[in-house]
Amino acid sequence: MIVKSTPDHHDDPDDGGDPRVTNLVLVAVFVLVIGAGYWLVDALLEQRRLDDCAAQGRRDCGRIVVPPR
């Protein structure tokens, strides 16, 4: 008995969609990751500065916001 195999038809070149849309989504995700990383590093550095200030026994470690006159 001879069994004929059917060829795979997964060679369709239009499977991936529009590469411009994919690239824009990847750029947006990349920018979000970089922004979140920058925010996180900034928050950690600010917390370290406050911890160092408080470890020295100082009381004026927080930011003082002066309203404009």
Side-chain angles (χ1 to χ4, degrees):
M1 177 151 99
I2 299 175
V3 177
K4 291 185 180 181
S5 65
T6 59
D8 292 335
H9 293 289
H10 297 291
D11 300 336
D12 200 10
D14 198 25
D15 267 351
D18 192 9
R20 291 176 291 181
V21 173
T22 305
N23 289 341
L24 287 175
V25 169
L26 288 175
V27 166
V29 168
F30 181 72
V31 167
L32 283 173
V33 168
I34 294 297
Y38 179 79
W39 172 79
L40 182 62
V41 168
D42 185 48
L44 288 172
L45 289 174
E46 179 66 20
Q47 186 61 43
R48 185 172 85 180
R49 186 188 69 77
L50 289 173
D51 287 345
D52 288 345
C53 180
Q56 294 173 1
R58 296 172 49 194
R59 292 183 175 185
D60 58 347
C61 298
R63 292 182 182 171
I64 299 174
V65 178
V66 178
R69 294 182 182 204

Shared hydrophobic cluster, V31 / V25 (ILVMFWY, side-chain heavy atoms < 4.5 Å)
no
How far does CD of Q47 sit from CG of D51, to the nearest 0.5 angstrom?
4.5 Å
Considering non-hydrogen atoms only, spot the tightest contact between A54 and C61 and give its length.
N-SG, 3.5 Å
Return each pair, listed once, that meets salt bridge (charged side-chain N to carboxylate O under 4.0 Å, His left out) where at least one residue sits in residues 29-45; pairs must be two or more places apart or across chains.
none
Taken in chain and number order and not counting sequence neighbours, the residues that satisfy side chain to side chain contact (heavy atoms under 4.5 Å, CB included) with R48 are L45, D52
